[in-house]
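Structure, as structure tokens:
So that the names make sense, note that chain A is the first sequence line, chain B the second, and so on, each numbered from 1.
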Amino acid sequence: MEELMQNLKHQIVEQLNLQQVKAEEICNEQNLFGPDGLGLDSIDALELIVLMQQKYGLKLANPADGQKIFQSVKTIAEYITQNQPK
Amino acid sequence: MTYINGIGCISPQNTFRNDEFLKEVKEYATDKMLCIDPDYTKFLDPGAVRRMGRLLKFGTTAGLIALRDAGVETPGAISTATGFGLLDLSQKFLADVIATQEGVVSPTSFILSTHNTVSSNIALLCGCHAHNNTFSQRGFSFESALTDTAFMLQEGKQSVLIGAYDEVGQFAHAKFKHVGELRQEPCTSSDILSKENPGVIMGEGAAFFVLSKDKTANSYGSLSGHSTLFNPENADELRNWILDFLTAHQLQVEDIDVAALGYSGATKQDALTETVQDLFKQSTITAYKHLCGEYMTASAFGFWLACKMMKTNSVPDAVIIENRQRSPRVVLVYNSYKRYHSLMLFHAC
């Protein structure tokens, strides 16, 4: 799980081209969206959906779940661990 | 009268600072000239910059510089021009579609790839919900935006932000190189004016202007008129078109203080440009494409050069072909891109 979260941080920084943030600076439970977090927006949400599918083969069955799943690096890692094809 | 009250230009030269005017000229020894980037984070939200391509960054920033220069927060309309637009991003998106075998692809390059991305981005940043058009008519793109702007001002808009932008895209550069339009021999950008090595240097840039019916303390001069001519059959037709244009503005060739000509290194175009130069035997003759390269909206760089010459009442050595010691009070810009010829006439305030 810890390794997955570290990988996710690097992938998020690369996919979203976060020039002002280093992967090591992102906390596991830090909010990804909103002004109190990383400040990601709706286009970033689309990029995260693409990232999930391209890197982990996961499609969001219900888009409404996205808000919970993409809350933090930890919630994304949990979703991947629970749903990734064995 | 149409006054130019603000300008912003990002080009292969140091042009983004309005308090300077070609103090140092950068030479290019390649077949392309790329923009010198300002610190974009001084103009744009760092969070937004990360998602922008080069053209979107320098196009948007040039527009914002022009608005700041004019002291206009929100223009009454925005009219822009581009030849290729953000074609490279369209190609990136299509390449991703192929690479993923039509699977899920990143949406960002698609979202930002339309021709009007720059003008809409500026509109969002300055809160302009009014008329917003982007013209893409090859060598007449900027001139079409000028016509649109004239209509907007006639209809009573207080101020209009007009601009043009193009970049050296990978695809376009490869295509022009393949068909032999670019310089083959190594040379510097100033060699364009020597006419010994044919072939153009591909260029890029963004130039924006705030135009208004009202003169301000910051006015650079006035745009008295513009005209276009497509595919003249011979030099006579070109000359007659220019003479008719001047007559329509109650001018004779002797009245033009400075003629800014678009010598590009393209043999056929430059031969016609020489016949234009021959008309102005008493004017100071200048050129500008050795500074910005050749691209479909390079006439906007000529527009910028005219503005700076009028405002500073000076003609920099870097642009002079023949110096007849004339003060730039009446300036004529002649541009050509392949079969597209255009004129823009300016009067200093």
Side-chain angles (χ1 to χ4, degrees), chain A residues 7-27 30-67 69-73 76 79-80 83-85, chain B residues 35 37-61 64 86 88-125 127 167 169-170:
Chain A
N7 287 340
L8 270 170
K9 289 175 190 175
H10 285 281
Q11 288 161 354
I12 288 170
V13 168
E14 188 188 342
Q15 182 95 4
L16 306 184
N17 195 21
L18 298 177
Q19 296 163 344
Q20 312 276 319
V21 182
K22 289 181 180 160
E24 300 76 34
E25 295 169 354
I26 303 173
C27 302
Q30 182 179 1
N31 280 342
L32 296 180
F33 293 84
D36 59 334
L38 271 186
L40 303 188
D41 58 23
S42 57
I43 297 176
D44 294 317
L46 289 169
E47 292 283 6
L48 290 176
I49 291 170
V50 172
L51 187 152
M52 293 279 275
Q53 190 158 342
Q54 285 181 341
K55 305 279 187 194
Y56 301 99
L58 286 175
K59 271 187 185 175
L60 255 65
N62 182 2
D65 294 339
Q67 202 170 352
I69 295 166
F70 295 134
Q71 191 178 334
S72 66
V73 170
I76 298 174
Y79 180 78
I80 293 170
N83 294 280
Q84 197 169 26
Chain B
C35 283
D37 294 316
D39 179 1
Y40 290 113
T41 56
K42 286 184 178 168
F43 303 93
L44 304 166
D45 172 19
V49 166
R50 69 185 162 92
R51 206 176 277 144
M52 297 179 177
R54 270 186 343 109
L55 177 54
L56 185 52
K57 274 192 283 195
F58 70 69
T60 303
T61 303
L64 296 178
L86 290 92
D88 264 19
L89 285 176
S90 301
Q91 282 155 356
K92 181 181 183 304
F93 179 74
L94 292 173
D96 287 348
V97 169
I98 294 166
T100 59
Q101 296 182 312
E102 300 185 18
V104 177
V105 295
S106 166
T108 302
S109 54
F110 173 70
I111 293 167
L112 300 179
S113 67
T114 60
H115 268 49
N116 62 349
T117 305
V118 171
S119 59
S120 50
N121 200 39
I122 294 170
L124 287 171
L125 291 171
E167 69 177 333
Q170 282 184 1

Any Lys/Arg nitrogen of B:Lys92 or B:Asp96 sitting under 4.0 Å from an Asp/Glu carboxylate oxygen of the other?
-> yes
Is it true that B:Arg51 and A:Asp44 have a side-chain N and a carboxylate O under 4.0 angstrom from each other?
-> yes
Checking heavy atoms, do the side chain of A:Ile49, its backbone, both or neither come under 4.5 Å from chain B?
-> neither
Measure distances from A:Leu16 to the heavy atoms of chain B and classify the residue's part below 4.5 Å as side chain, backbone, both or neither.
-> both
Using a 4.5 Å cut-off on heavy atoms from C-beta on, say whether the side chain of A:Phe33 contacts that of A:Gln67.
-> no
Measure across A:Ser72 and A:Leu32 and return the closest heavy-atom pair with its distance rounded to 0.1 Å.
-> CA-CG, 3.8 Å
Of all of A:Gln20, A:Glu47, A:Gln19, A:Gln54, which one pairs up most often with chain B through heavy atoms under 4.5 Å apart?
-> A:Glu47
